[in-house]
Amino acid sequence: MISSLNKKLVDLNIVVLTGAGISAESGIKTFRESNGLWNNHPMETLASMQGFENNPKLVHEFYNLRREQLKIVKPNEGHFALAELEKKCKSFTLITQNVDDLHERAGSKNLIHMHGELRRIKHVVSGESKYFEDSVCENEWNVYRPDIVWFGENVKGFEDISSALSLCDLFLSIGTSSIVYPAAGLVNEAKKAGALCIEFNLEQTALSPIYHDHFYGKASQTVSEFVSGLSRL
Ligand code: BV8
């Protein structure tokens, strides 16, 4: 299938969308698998402004725990393979729904955190955002919120995302259930641009039929193997 690209790797414009599945083998829980992050609380109570206003304690504790976890997890082969791929193609845009910092730590540069970042908080009134890697303490639960995109809030970087997709030759979707929009719909933009669209997951998703090809298996293996194959283009 990749031979249909008719381009050398060095001439390819590549866009990648990642979800929680690429960080699963680093020990970060996904959202929707059994015993996932949202098992005990419906996502609306943890990832919405309404949920935050109703119970800032619960929401801060949810994000404090996940922020603490960043101190003990490490990028896996899937993250490193994407950082390597970025060095070898004409243009590379990594769009992640993940709020962890494993892509940065693996060496990825051109990265858009469309759902925000665990290691940033923002002032609830001014909206000013700052880097933060500890736990938000109780006396600041109503002053700061996680700089995370919740349901009903606009995603980040959408202009840059759209311009990258308009030039895209190859679109890879890795480790996402393709349930959350507008992230799940990006493949349609890539297809309009004439890109070859490939899905990497453990299993089929609702949007699998839209993709031209699929690699089923653990992202740390499937992505590394795919990148090695691309390097022979
Ligand atoms: C918005 C907070 C405009 C961050 C999250 C149509 C168009 C536009 C909007 C909508 C629409 N329809 C509905 C909406 C509204 C809503 C939405 O999409 N709802 C869904 C539930 C239907 N979207 C929004 O509200 C978005 N904003 O549209 O703005 C707007 C403005 C005002 C009013 C209306 C609209 C905002 C969406 C962002 C929400 N924030 N979380 C956080 O806490 O982390 S969403 C949450 O889900 C995370 O961000 C996460 O990144 C995202 C997607 O989840 P996945 O990453 O896919 O994880 P999941 O567990 O689901 O799946 C993991 C996959 O990995 C599985 O398939 C599994 O098989 C696979 N896997 C596991 N292990 C491995 C693996 N694969 C490979 N290898 C492995 N080892």
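Heavy-atom basis, side chains included; hydrogens, waters and symmetry copies ignored. Each residue takes its place number in the sequence, starting with 1. In each ligand, atom 1 is the first atom listed, and ligand 1 is the first ligand listed. Quick caveat, the model's predicted, so the values are computed rather than measured.
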At less than 4.0 angstrom from any non-hydrogen atom of [X], what atoms of ligand 1 do you find?
X: Glu25; value: 78 (N), 79 (C), 80 (N)
X: Asn154; value: 3 (C), 29 (O), 31 (C)
X: Val99; value: 44 (O)

**Message:** Under 4.0 Å and counting heavy atoms only, is there anything from the protein next to atom 79 (C) of ligand 1?
**Reply:**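 Under the 4.0 Å cut-off, atom 79 (C) of ligand 1 does have protein heavy-atom neighbours.
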
**Request:** On the 0 to 90° scale, with breaks at 30° and 60°, tag the Phe226-Phe200 ring pair as parallel, tilted or perpendicular.
**Result:**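 Phe226 vs Phe200 ring planes: perpendicular.
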
**Message:** Would you call the rings of Trp150 and Phe52 parallel, tilted or perpendicular, taking 30° and 60° as the class edges?
**Reply:**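 If you compare the ring of Trp150 with that of Phe52, the planes turn out tilted.
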
I'd like to check whether [X] has a polar contact with ligand 1, where a contact means an N/O of the residue lying under 3.5 Å from an N/O of the ligand.
X: Asn98; result: no
X: Pro182; result: no
X: Lys218; result: no
X: Phe31; result: yes

**Asked** Can you find a non-hydrogen atom of Phe200 under 4.0 Å from ligand 1?
**Response**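 Distance cut 4.0 Å: Phe200 fails for ligand 1.
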
**Ala190 versus Leu165, closest heavy-atom pair with distance** =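 Minimum heavy-atom separation between Ala190 and Leu165: CB-CD2, 4.1 Å.
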
**Request:** Taking all heavy atoms of Gly19 and all of Gln97, pick out the closest pair and write down the distance.
**Result:**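 Heavy atoms only, the tightest pair is CA-NE2, 3.9 Å.
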
**Request:** Would you check, one step at a time, whether the test side-chain contact (heavy atoms from CB on, under 4.5 Å) holds for Trp141 with Glu61?
**Result:** CA-CA 10 Å; Trp141 279 348; Glu61 284 173 349; 4.2 Å; yes

**Request:** Kindly indicate, with the supporting measurements, whether the criterion side chain to side chain donor-acceptor pair (under 3.5 Å) is fulfilled by Ser220 and Glu25.
**Result:** CA-CA 7 Å; Ser220 64; Glu25 291 162 80; 2.4 Å; yes

Which option out of [options] puts a heavy atom nearest to [atom]?
atom: atom 53 (C) of ligand 1; options: Met43, Lys156, Gln97; answer: Gln97
atom: atom 63 (C) of ligand 1; options: Ser23, Gly175, Ser48, Gly19; answer: Gly175
atom: atom 62 (O) of ligand 1; options: Ser177, Ala20, Ala24, Ala183; answer: Ser177

**Asked** If we ignore angles and hydrogens, is there a donor and acceptor under 3.5 Å between the side chains of Glu68 and Asn64?
**Response**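 No - no donor-acceptor pair under 3.5 Å links their side chains.
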
